[in-house]
Amino acid sequence: MEKIAKDYVDFLSECKTERLCVRKIVEEAEKNGWRNLDGVKSLKAGDRVYVNKMGKALMLFTIGKDSIEKGMNILGAHIDSPRLDAKPNPIYEKAGIVYLNTHYYGGIKKYQWLTIPLAIRGVVCLKDGKTVDVNVGDEDSDPVFCISDILPHLAGKQMEKRARDIVDAEDLDVILGVNAKYADKADADDDDSGKGRKSVRDVGKKNILSILKKKYGIEEEDLLSSELEVVPAGRARFLGFDGSMILGYGQDDRVCAYASFRAFMDVTDSARTACLLLSDKEEIGSYGATGMSSHLLDNAVAEVIDRLGVKGSVEMALRRCLSNSTMLSSDVNAAFDPLNADLYDFGNASKLGGGIVLNKYTGSRGKSGASDANPEFIAEIRNKFDRDGVKYQFAELGKVEAGGGGTIALYAAEFGMNVIDAGVAVLSMHAPWEITAVSDFLQTYKGYVSFLK
Ligand code: MN
Ligand code: MN
(Lines give C-alpha, C1' and ligand atoms only; values in the text may rest on other atoms or scores of the structure.)
(Ligands and ions follow the chains in the order given, each with its own letter.)
Protein backbone atom coordinates (compact mmCIF):
# COMPACT_ATOMS: atom_id res chain seq x y z
CA MET A 1 0.00 0.00 0.00
CA GLU A 2 1.32 3.43 -0.87
CA LYS A 3 2.38 5.50 2.13
CA ILE A 4 0.15 8.40 1.13
CA ALA A 5 -2.96 6.17 1.38
CA LYS A 6 -1.95 5.14 4.90
CA ASP A 7 -1.36 8.80 5.75
CA TYR A 8 -4.86 9.55 4.48
CA VAL A 9 -6.40 6.84 6.70
CA ASP A 10 -4.56 8.34 9.69
CA PHE A 11 -5.80 11.82 8.76
CA LEU A 12 -9.42 10.62 8.54
CA SER A 13 -9.09 8.82 11.87
CA GLU A 14 -7.62 11.79 13.70
CA CYS A 15 -9.33 14.77 12.05
CA LYS A 16 -13.05 14.29 12.53
CA THR A 17 -13.98 17.97 12.80
CA GLU A 18 -13.16 21.01 10.66
CA ARG A 19 -11.13 22.43 13.55
CA LEU A 20 -9.02 19.28 13.82
CA CYS A 21 -8.41 19.35 10.05
CA VAL A 22 -7.22 22.96 10.20
CA ARG A 23 -5.00 22.25 13.19
CA LYS A 24 -3.37 19.21 11.58
CA ILE A 25 -2.79 20.86 8.21
CA VAL A 26 -1.37 24.05 9.76
CA GLU A 27 1.01 21.87 11.80
CA GLU A 28 2.20 19.99 8.69
CA ALA A 29 2.37 23.15 6.58
CA GLU A 30 4.46 24.98 9.18
CA LYS A 31 6.93 22.08 9.23
CA ASN A 32 7.29 22.60 5.49
CA GLY A 33 7.83 26.34 5.53
CA TRP A 34 4.36 27.90 5.36
CA ARG A 35 4.01 30.89 7.69
CA ASN A 36 0.95 32.66 9.07
CA LEU A 37 0.32 35.67 6.81
CA ASP A 38 -0.49 37.78 9.89
CA GLY A 39 3.19 37.99 10.76
CA VAL A 40 4.42 38.60 7.21
CA LYS A 41 5.11 42.15 5.96
CA SER A 42 5.97 41.48 2.32
CA LEU A 43 5.81 38.62 -0.15
CA LYS A 44 7.78 37.56 -3.23
CA ALA A 45 7.86 34.59 -5.63
CA GLY A 46 8.48 31.31 -3.85
CA ASP A 47 7.07 32.46 -0.50
CA ARG A 48 4.67 30.21 1.39
CA VAL A 49 1.94 31.59 3.64
CA TYR A 50 -1.39 30.60 5.12
CA VAL A 51 -4.52 32.35 6.38
CA ASN A 52 -6.35 30.60 9.23
CA LYS A 53 -9.98 31.74 9.38
CA MET A 54 -11.34 31.23 12.89
CA GLY A 55 -9.65 27.84 13.15
CA LYS A 56 -12.33 26.36 10.90
CA ALA A 57 -11.34 27.32 7.37
CA LEU A 58 -7.87 27.62 5.90
CA MET A 59 -6.13 29.00 2.83
CA LEU A 60 -2.55 28.22 1.86
CA PHE A 61 -0.64 30.11 -0.81
CA THR A 62 2.56 29.39 -2.70
CA ILE A 63 3.52 32.59 -4.49
CA GLY A 64 4.37 32.04 -8.16
CA LYS A 65 6.76 33.87 -10.47
CA ASP A 66 3.95 35.25 -12.65
CA SER A 67 2.09 38.41 -11.72
CA ILE A 68 -0.73 37.57 -9.33
CA GLU A 69 -3.10 39.47 -11.64
CA LYS A 70 -2.73 36.60 -14.12
CA GLY A 71 -4.62 34.47 -11.65
CA MET A 72 -4.03 31.50 -9.38
CA ASN A 73 -4.50 27.76 -9.63
CA ILE A 74 -6.87 26.94 -6.80
CA LEU A 75 -7.67 23.58 -5.23
CA GLY A 76 -10.80 24.08 -3.14
CA ALA A 77 -12.30 21.43 -0.90
CA HIS A 78 -14.46 21.46 2.23
CA ILE A 79 -13.57 20.02 5.62
CA ASP A 80 -16.96 19.94 7.36
CA SER A 81 -18.94 16.69 7.26
CA PRO A 82 -22.45 15.61 8.23
CA ARG A 83 -22.79 14.87 11.95
CA LEU A 84 -24.90 15.50 15.04
CA ASP A 85 -24.21 18.76 16.88
CA ALA A 86 -24.97 19.21 20.57
CA LYS A 87 -27.80 21.71 21.17
CA PRO A 88 -27.04 24.85 23.26
CA ASN A 89 -28.76 23.30 26.32
CA PRO A 90 -27.77 19.72 25.61
CA ILE A 91 -27.78 17.58 28.76
CA TYR A 92 -31.01 16.22 30.19
CA GLU A 93 -32.17 13.19 32.12
CA LYS A 94 -35.31 11.21 31.39
CA ALA A 95 -36.48 8.16 33.33
CA GLY A 96 -33.02 7.58 34.68
CA ILE A 97 -31.10 7.88 31.41
CA VAL A 98 -28.87 10.91 30.77
CA TYR A 99 -28.90 12.20 27.20
CA LEU A 100 -27.10 14.68 24.98
CA ASN A 101 -29.73 16.54 22.97
CA THR A 102 -28.57 17.03 19.37
CA HIS A 103 -29.45 18.90 16.19
CA TYR A 104 -28.21 17.20 13.05
CA TYR A 105 -25.82 19.01 10.69
CA GLY A 106 -26.00 18.37 6.94
CA GLY A 107 -27.96 15.82 4.97
CA ILE A 108 -28.17 12.57 6.89
CA LYS A 109 -30.35 9.48 6.88
CA LYS A 110 -31.25 9.68 10.56
CA TYR A 111 -31.75 5.94 11.09
CA GLN A 112 -28.10 5.27 10.12
CA TRP A 113 -26.95 6.95 13.34
CA LEU A 114 -28.73 4.54 15.69
CA THR A 115 -26.89 1.80 17.61
CA ILE A 116 -23.37 2.64 16.40
CA PRO A 117 -20.49 3.70 18.66
CA LEU A 118 -20.14 7.47 18.72
CA ALA A 119 -17.45 9.91 19.84
CA ILE A 120 -17.78 13.52 20.98
CA ARG A 121 -15.21 15.93 19.55
CA GLY A 122 -15.15 19.68 19.81
CA VAL A 123 -14.55 22.69 21.99
CA VAL A 124 -16.06 24.49 24.96
CA CYS A 125 -15.24 28.19 25.13
CA LEU A 126 -15.06 29.77 28.57
CA LYS A 127 -15.87 33.34 29.57
CA ASP A 128 -12.23 33.99 30.47
CA GLY A 129 -11.25 33.44 26.83
CA LYS A 130 -9.88 29.93 27.26
CA THR A 131 -10.96 27.13 24.94
CA VAL A 132 -11.15 23.57 26.22
CA ASP A 133 -10.84 20.63 23.81
CA VAL A 134 -13.34 17.84 24.28
CA ASN A 135 -12.29 14.49 22.86
CA VAL A 136 -13.96 11.30 24.05
CA GLY A 137 -14.62 8.05 22.24
CA ASP A 138 -11.76 7.72 19.77
CA GLU A 139 -9.04 6.28 21.99
CA ASP A 140 -9.12 2.54 22.72
CA SER A 141 -9.32 3.28 26.44
CA ASP A 142 -12.20 5.77 26.04
CA PRO A 143 -15.85 4.98 26.63
CA VAL A 144 -18.07 5.63 23.61
CA PHE A 145 -21.62 6.94 23.24
CA CYS A 146 -24.68 5.60 21.47
CA ILE A 147 -28.24 6.34 20.34
CA SER A 148 -30.61 3.47 21.13
CA ASP A 149 -33.25 1.94 18.86
CA ILE A 150 -36.40 -0.11 19.46
CA LEU A 151 -36.00 -3.89 19.68
CA PRO A 152 -37.56 -5.79 16.73
CA HIS A 153 -40.04 -7.43 19.11
CA LEU A 154 -41.72 -4.06 19.71
CA ALA A 155 -40.96 -2.42 16.37
CA GLY A 156 -44.20 -3.35 14.58
CA LYS A 157 -45.38 0.25 14.34
CA GLN A 158 -41.90 1.61 13.61
CA MET A 159 -41.35 -0.78 10.70
CA GLU A 160 -44.51 0.52 9.00
CA LYS A 161 -43.11 4.07 8.95
CA ARG A 162 -41.37 5.84 6.09
CA ALA A 163 -37.58 5.66 6.44
CA ARG A 164 -37.38 9.39 7.21
CA ASP A 165 -39.75 8.89 10.15
CA ILE A 166 -38.13 5.80 11.67
CA VAL A 167 -36.49 8.13 14.17
CA ASP A 168 -37.67 11.66 14.84
CA ALA A 169 -34.93 14.31 14.62
CA GLU A 170 -35.75 15.27 18.22
CA ASP A 171 -35.02 11.72 19.29
CA LEU A 172 -31.47 11.63 17.89
CA ASP A 173 -30.24 11.96 21.46
CA VAL A 174 -27.06 10.34 22.61
CA ILE A 175 -26.84 8.31 25.82
CA LEU A 176 -24.26 9.78 28.20
CA GLY A 177 -24.97 7.83 31.39
CA VAL A 178 -27.47 6.23 33.74
CA ASN A 179 -29.02 7.32 37.02
CA ALA A 180 -28.95 4.05 38.95
CA LYS A 181 -30.69 5.65 41.93
CA TYR A 182 -33.70 6.37 39.76
CA ALA A 183 -34.10 2.68 38.95
CA ASP A 184 -33.79 1.78 42.64
CA LYS A 185 -36.58 4.10 43.64
CA ALA A 186 -38.84 3.98 40.58
CA ASP A 187 -42.05 2.34 41.74
CA ALA A 188 -45.78 2.39 41.24
CA ASP A 189 -46.34 5.70 43.03
CA ASP A 190 -43.80 7.48 40.83
CA ASP A 191 -45.22 10.18 38.56
CA ASP A 192 -45.75 9.38 34.88
CA SER A 193 -43.74 12.31 33.54
CA GLY A 194 -40.65 10.17 33.22
CA LYS A 195 -38.77 12.64 35.36
CA GLY A 196 -38.88 10.60 38.55
CA ARG A 197 -39.44 11.76 42.09
CA LYS A 198 -37.71 14.81 43.41
CA SER A 199 -35.28 12.92 45.65
CA VAL A 200 -33.73 11.03 42.74
CA ARG A 201 -34.41 13.46 39.91
CA ASP A 202 -31.36 14.42 37.81
CA VAL A 203 -28.89 12.50 40.00
CA GLY A 204 -27.47 10.96 36.80
CA LYS A 205 -27.21 14.32 35.07
CA LYS A 206 -25.46 15.80 38.12
CA ASN A 207 -23.01 12.90 38.04
CA ILE A 208 -22.21 13.49 34.33
CA LEU A 209 -21.78 17.21 35.02
CA SER A 210 -19.37 16.47 37.87
CA ILE A 211 -17.34 14.25 35.51
CA LEU A 212 -17.22 17.11 32.99
CA LYS A 213 -16.16 19.47 35.77
CA LYS A 214 -13.36 17.17 36.86
CA LYS A 215 -12.14 16.29 33.35
CA TYR A 216 -12.51 19.68 31.66
CA GLY A 217 -13.12 22.23 34.40
CA ILE A 218 -16.43 23.25 32.83
CA GLU A 219 -19.87 24.03 34.29
CA GLU A 220 -23.17 23.18 32.63
CA GLU A 221 -23.70 26.78 31.50
CA ASP A 222 -20.33 26.73 29.70
CA LEU A 223 -21.95 24.37 27.21
CA LEU A 224 -23.87 27.43 25.97
CA SER A 225 -20.62 28.44 24.26
CA SER A 226 -19.56 25.07 22.96
CA GLU A 227 -19.22 23.40 19.59
CA LEU A 228 -19.52 19.68 20.29
CA GLU A 229 -19.83 17.33 17.33
CA VAL A 230 -21.06 13.76 17.69
CA VAL A 231 -19.24 11.62 15.13
CA PRO A 232 -18.79 7.89 14.52
CA ALA A 233 -16.21 6.50 16.96
CA GLY A 234 -13.13 4.63 15.86
CA ARG A 235 -10.55 4.64 13.13
CA ALA A 236 -10.97 4.59 9.36
CA ARG A 237 -9.93 1.21 7.93
CA PHE A 238 -8.93 -0.41 4.67
CA LEU A 239 -11.92 -2.33 3.31
CA GLY A 240 -12.24 -5.66 1.49
CA PHE A 241 -10.07 -8.82 1.43
CA ASP A 242 -7.89 -7.00 -1.08
CA GLY A 243 -7.73 -3.82 1.02
CA SER A 244 -8.57 -1.93 -2.15
CA MET A 245 -11.02 0.45 -0.50
CA ILE A 246 -11.26 2.72 2.53
CA LEU A 247 -14.11 2.79 5.03
CA GLY A 248 -14.11 6.00 7.01
CA TYR A 249 -16.18 8.81 8.46
CA GLY A 250 -16.10 12.21 6.74
CA GLN A 251 -14.61 11.19 3.40
CA ASP A 252 -16.99 13.80 1.95
CA ASP A 253 -14.97 15.87 1.61
CA ARG A 254 -11.82 15.09 3.54
CA VAL A 255 -10.73 12.66 0.83
CA CYS A 256 -10.45 15.60 -1.58
CA ALA A 257 -9.19 17.97 1.12
CA TYR A 258 -6.34 15.61 2.00
CA ALA A 259 -5.46 14.77 -1.61
CA SER A 260 -5.50 18.51 -2.38
CA PHE A 261 -3.30 19.28 0.60
CA ARG A 262 -0.72 16.67 -0.36
CA ALA A 263 -0.70 17.78 -3.99
CA PHE A 264 -0.36 21.40 -2.90
CA MET A 265 2.63 20.55 -0.67
CA ASP A 266 4.31 18.64 -3.51
CA VAL A 267 4.08 21.36 -6.18
CA THR A 268 6.08 24.37 -5.06
CA ASP A 269 7.60 25.60 -8.29
CA SER A 270 4.70 26.55 -10.57
CA ALA A 271 4.69 29.83 -12.48
CA ARG A 272 1.22 30.72 -11.28
CA THR A 273 0.47 31.29 -7.61
CA ALA A 274 -1.10 28.18 -6.09
CA CYS A 275 -3.88 28.32 -3.52
CA LEU A 276 -5.29 25.59 -1.32
CA LEU A 277 -8.73 26.53 -0.03
CA LEU A 278 -10.29 24.42 2.72
CA SER A 279 -13.74 25.73 3.52
CA ASP A 280 -16.30 25.02 6.21
CA LYS A 281 -20.13 24.90 6.21
CA GLU A 282 -20.47 23.33 2.74
CA GLU A 283 -22.84 20.71 4.06
CA ILE A 284 -25.29 23.38 5.22
CA GLY A 285 -25.06 25.64 2.17
CA SER A 286 -21.63 27.29 2.58
CA TYR A 287 -23.09 30.13 4.68
CA GLY A 288 -21.30 31.67 7.64
CA ALA A 289 -17.97 33.46 7.99
CA THR A 290 -16.02 30.26 7.39
CA GLY A 291 -18.18 29.17 4.45
CA MET A 292 -17.46 29.72 0.78
CA SER A 293 -20.38 32.12 0.24
CA SER A 294 -18.59 34.60 2.54
CA HIS A 295 -15.65 36.83 1.60
CA LEU A 296 -13.27 34.19 2.94
CA LEU A 297 -11.29 33.82 -0.28
CA ASP A 298 -11.25 37.39 -1.62
CA ASN A 299 -10.37 38.86 1.78
CA ALA A 300 -7.40 36.49 2.09
CA VAL A 301 -6.24 37.09 -1.49
CA ALA A 302 -6.52 40.87 -0.93
CA GLU A 303 -4.13 40.50 2.03
CA VAL A 304 -1.72 38.51 -0.16
CA ILE A 305 -1.87 41.13 -2.92
CA ASP A 306 -1.32 43.89 -0.36
CA ARG A 307 1.90 42.13 0.81
CA LEU A 308 3.07 41.67 -2.78
CA GLY A 309 3.14 45.46 -3.22
CA VAL A 310 1.40 45.55 -6.61
CA LYS A 311 1.32 48.77 -8.59
CA GLY A 312 -2.12 50.41 -8.61
CA SER A 313 -5.05 49.49 -6.46
CA VAL A 314 -5.26 46.25 -4.52
CA GLU A 315 -8.97 46.06 -5.39
CA MET A 316 -8.30 46.07 -9.15
CA ALA A 317 -5.50 43.50 -8.83
CA LEU A 318 -7.78 41.36 -6.68
CA ARG A 319 -10.59 41.35 -9.23
CA ARG A 320 -8.19 40.50 -12.06
CA CYS A 321 -6.52 37.81 -9.99
CA LEU A 322 -9.79 36.08 -9.11
CA SER A 323 -11.40 36.28 -12.54
CA ASN A 324 -8.20 34.96 -14.18
CA SER A 325 -7.93 32.11 -11.69
CA THR A 326 -8.84 28.51 -12.40
CA MET A 327 -10.14 26.13 -9.79
CA LEU A 328 -10.82 22.50 -9.21
CA SER A 329 -13.75 22.36 -6.82
CA SER A 330 -12.40 19.28 -5.12
CA ASP A 331 -15.49 17.46 -3.99
CA VAL A 332 -16.79 13.93 -4.01
CA ASN A 333 -19.29 12.39 -6.42
CA ALA A 334 -21.79 9.57 -5.93
CA ALA A 335 -20.22 6.27 -6.97
CA PHE A 336 -22.38 4.01 -9.14
CA ASP A 337 -24.10 1.56 -6.81
CA PRO A 338 -24.84 -1.77 -8.56
CA LEU A 339 -27.48 -2.55 -5.93
CA ASN A 340 -29.37 0.64 -6.77
CA ALA A 341 -28.55 0.78 -10.46
CA ASP A 342 -31.86 2.36 -11.48
CA LEU A 343 -30.87 5.66 -9.84
CA TYR A 344 -27.97 6.19 -12.25
CA ASP A 345 -27.43 6.69 -15.96
CA PHE A 346 -24.69 4.05 -16.18
CA GLY A 347 -22.75 5.72 -19.00
CA ASN A 348 -22.67 8.99 -17.04
CA ALA A 349 -22.09 7.61 -13.56
CA SER A 350 -18.77 7.56 -11.72
CA LYS A 351 -17.40 4.11 -10.99
CA LEU A 352 -15.45 3.03 -7.94
CA GLY A 353 -11.89 2.57 -9.23
CA GLY A 354 -12.53 4.69 -12.34
CA GLY A 355 -10.12 7.46 -11.37
CA ILE A 356 -10.72 11.13 -10.53
CA VAL A 357 -14.29 12.20 -11.34
CA LEU A 358 -14.90 15.38 -13.32
CA ASN A 359 -18.42 16.70 -12.87
CA LYS A 360 -19.31 19.49 -15.32
CA TYR A 361 -22.38 20.52 -13.36
CA THR A 362 -24.11 19.61 -10.11
CA GLY A 363 -27.47 21.09 -9.09
CA SER A 364 -30.85 19.48 -9.65
CA ARG A 365 -33.61 19.20 -12.30
CA GLY A 366 -32.61 21.49 -15.23
CA LYS A 367 -29.11 22.07 -13.77
CA SER A 368 -30.67 24.44 -11.22
CA GLY A 369 -27.98 25.78 -8.89
CA ALA A 370 -25.10 24.60 -11.07
CA SER A 371 -22.17 26.71 -12.24
CA ASP A 372 -21.76 24.43 -15.31
CA ALA A 373 -18.10 24.39 -16.35
CA ASN A 374 -17.01 25.70 -19.77
CA PRO A 375 -15.86 23.13 -22.36
CA GLU A 376 -12.82 25.31 -23.17
CA PHE A 377 -11.68 24.87 -19.56
CA ILE A 378 -12.54 21.16 -19.56
CA ALA A 379 -10.34 20.71 -22.63
CA GLU A 380 -7.40 22.28 -20.75
CA ILE A 381 -7.93 19.90 -17.85
CA ARG A 382 -8.14 16.89 -20.20
CA ASN A 383 -4.93 18.01 -21.82
CA LYS A 384 -3.12 18.21 -18.48
CA PHE A 385 -4.47 14.89 -17.22
CA ASP A 386 -3.56 13.08 -20.46
CA ARG A 387 -0.10 14.69 -20.39
CA ASP A 388 0.50 13.34 -16.89
CA GLY A 389 -1.19 9.95 -17.26
CA VAL A 390 -4.01 10.68 -14.81
CA LYS A 391 -6.93 8.23 -14.93
CA TYR A 392 -10.18 10.21 -15.06
CA GLN A 393 -13.90 9.80 -15.68
CA PHE A 394 -16.71 12.24 -16.45
CA ALA A 395 -19.95 11.81 -14.56
CA GLU A 396 -23.12 13.29 -13.15
CA LEU A 397 -24.44 12.57 -9.66
CA GLY A 398 -27.38 10.37 -10.71
CA LYS A 399 -30.27 10.29 -13.17
CA VAL A 400 -31.51 13.71 -14.30
CA GLU A 401 -34.46 13.99 -11.93
CA ALA A 402 -33.35 11.43 -9.34
CA GLY A 403 -32.19 14.15 -6.94
CA GLY A 404 -29.29 16.53 -6.83
CA GLY A 405 -26.79 18.45 -4.77
CA GLY A 406 -24.30 21.29 -4.84
CA THR A 407 -20.70 22.07 -4.01
CA ILE A 408 -18.60 25.21 -3.51
CA ALA A 409 -18.05 25.55 -7.28
CA LEU A 410 -20.78 28.15 -7.81
CA TYR A 411 -19.28 30.49 -5.19
CA ALA A 412 -15.91 30.39 -6.96
CA ALA A 413 -17.65 30.99 -10.30
CA GLU A 414 -19.13 34.20 -8.86
CA PHE A 415 -15.65 35.74 -9.07
CA GLY A 416 -15.67 35.02 -12.79
CA MET A 417 -13.17 32.18 -12.74
CA ASN A 418 -13.26 28.85 -14.54
CA VAL A 419 -14.12 26.08 -12.12
CA ILE A 420 -15.12 22.43 -12.35
CA ASP A 421 -15.91 19.80 -9.74
CA ALA A 422 -13.20 17.17 -9.56
CA GLY A 423 -12.88 14.53 -6.89
CA VAL A 424 -13.40 11.01 -5.64
CA ALA A 425 -16.37 8.66 -6.16
CA VAL A 426 -17.96 7.67 -2.83
CA LEU A 427 -20.31 4.79 -2.03
CA SER A 428 -22.80 5.42 0.81
CA MET A 429 -22.01 9.14 0.74
CA HIS A 430 -23.13 10.99 3.90
CA ALA A 431 -23.46 7.71 5.83
CA PRO A 432 -21.55 7.48 9.12
CA TRP A 433 -19.03 5.25 7.32
CA GLU A 434 -18.38 6.08 3.66
CA ILE A 435 -16.55 3.98 1.07
CA THR A 436 -13.90 5.09 -1.44
CA ALA A 437 -11.39 3.20 -3.57
CA VAL A 438 -7.70 3.59 -2.72
CA SER A 439 -6.84 3.82 -6.44
CA ASP A 440 -9.27 6.73 -6.87
CA PHE A 441 -7.67 8.58 -3.98
CA LEU A 442 -4.25 8.08 -5.61
CA GLN A 443 -5.46 9.19 -9.06
CA THR A 444 -7.17 12.21 -7.53
CA TYR A 445 -3.95 13.22 -5.80
CA LYS A 446 -2.15 12.76 -9.13
CA GLY A 447 -4.82 14.81 -10.90
CA TYR A 448 -4.45 17.68 -8.42
CA VAL A 449 -0.66 17.65 -8.89
CA SER A 450 -1.20 17.73 -12.66
CA PHE A 451 -3.61 20.68 -12.35
CA LEU A 452 -1.19 22.73 -10.25
CA LYS A 453 1.74 22.18 -12.65
MN1 MN B 1 -18.97 17.47 -0.45
MN1 MN C 1 -21.75 16.39 1.20
Side-chain angles (χ1 to χ4, degrees), residues 18-19 21-22 25-26 29 34-38 40 43 47-64 66-80 253-254 256-257 260-261 263-264 267 270 272-308 310 313-331 362 369 371 373 377 406-423 448 451-452:
E18 51 279 35
R19 286 174 190 268
C21 290
V22 166
I25 288 175
V26 164
W34 274 266
R35 294 171 295 156
N36 192 325
L37 185 65
D38 285 348
V40 173
L43 287 170
D47 283 350
R48 306 170 179 190
V49 289
Y50 68 84
V51 175
N52 181 342
K53 184 66 178 174
M54 299 169 170
K56 296 168 67 170
L58 184 67
M59 286 146 290
L60 277 73
F61 299 90
T62 305
I63 308 300
D66 288 354
S67 158
I68 190 115
E69 295 186 29
K70 288 188 177 170
M72 305 180 292
N73 289 337
I74 306 171
L75 289 173
H78 67 92
I79 48 177
D80 61 317
D253 184 32
R254 294 177 189 136
C256 298
S260 295
F261 165 62
F264 182 83
V267 182
S270 75
R272 276 157 79 85
T273 292
C275 170
L276 173 69
L277 164 63
L278 300 176
S279 70
D280 180 26
K281 297 281 174 276
E282 194 274 345
E283 296 296 357
I284 56 170
S286 290
Y287 306 113
T290 52
M292 192 52 190
S293 75
S294 73
H295 289 281
L296 184 70
L297 179 64
D298 46 334
N299 281 352
V301 176
E303 295 289 350
V304 166
I305 290 173
D306 179 55
R307 307 298 203 284
L308 282 167
V310 290
S313 83
V314 169
E315 179 66 23
M316 194 63 239
L318 173 67
R319 285 169 184 274
R320 285 182 182 137
C321 169
L322 290 173
S323 69
N324 288 329
S325 289
T326 57
M327 173 162 144
L328 293 186
S329 166
S330 312
D331 209 342
T362 57
S371 49
F377 178 53
T407 64
I408 62 171
L410 67 151
Y411 300 104
E414 281 181 12
F415 295 115
M417 69 179 75
N418 270 311
V419 55
I420 185 169
D421 284 297
Y448 294 162
F451 169 75
L452 290 177

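Quick note: residue numbers are just sequence positions, from 1.
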Using atom types as modelled and distance alone, determine if a side-chain donor or acceptor of [X] lies under 3.5 Å from a backbone N or O of [Y].
X	Y	value
Ser330	Gly423	no
Asp47	Ile63	no
Asp80	Glu283	yes
Asp331	His78	no

With rounding to the nearest 0.5 angstrom, report the [atom1] to [atom2] distance, [X] to [Y].
X	Y	atom1	atom2	value
Arg272	Ile68	CZ	CD1	10.0 Å
Tyr411	Ser329	OH	OG	11.5 Å
Met327	Asn418	CE	CG	12.0 Å
Arg319	Asp298	CZ	CG	9.0 Å
Ile420	Thr326	CD1	OG1	11.5 Å
Thr290	Lys281	OG1	NZ	4.5 Å

Contact summary for [X] and [Y], nearest pair of heavy atoms:
X	Y	value
Met59	Ala300	SD-CB, 3.6 Å
Ser325	Met417	O-CB, 3.1 Å
Val40	Arg307	O-NE, 2.6 Å
Asp280	Ala57	N-CB, 4.4 Å
Gly55	Asn52	N-OD1, 2.9 Å
Ile305	Leu318	CD1-CA, 3.4 Å

Original post:
Please walk me through it: do Cys275 and Val304 pass side-chain contact (heavy atoms from CB on, under 4.5 Å)?
Top reply: CA-CA 11 Å; Cys275 170; Val304 166; over 6 Å; no

So do the side chains of [X] and [Y] get within less than 4.5 Å of each other, counting heavy atoms only?
X	Y	answer
Asn36	Val26	no
Leu277	Leu296	yes
Asn73	Val267	no

Original post:
Under 3.5 Å, is there a donor-acceptor pair between the Thr362 and Thr407 side chains?
Top reply: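 Checked: Thr362/Thr407 side chains show no N/O donor-acceptor pair below 3.5 Å.
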
Subject >> Pair Leu452-Leu75, side-chain contact (heavy atoms from CB on, under 4.5 Å): steps then yes or no >> reply: CA-CA 8 Å; Leu452 290 177; Leu75 289 173; 3.7 Å; yes

**OP:** Please step through side-chain contact (heavy atoms from CB on, under 4.5 Å) for the pair Phe61 and Val51, ending with a clear verdict.
**Re:** CA-CA 8 Å; Phe61 299 90; Val51 175; 4.2 Å; yes

Original post:
Which of these passes ring-ring contact (aromatic ring centres under 6.0 Å, His included) with Phe264: Tyr448, Trp34, Tyr50?
Top reply: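 It is Trp34; the other options fail the test.
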
**OP:** Report the C-alpha distance between Leu58 and Ile79 in whole Å, list the side-chain angles of each, state the deciding distance to 0.1 Å, and finish with yes or no for side-chain contact (heavy atoms from CB on, under 4.5 Å).
**Re:** CA-CA 10 Å; Leu58 184 67; Ile79 48 177; 5.6 Å; no

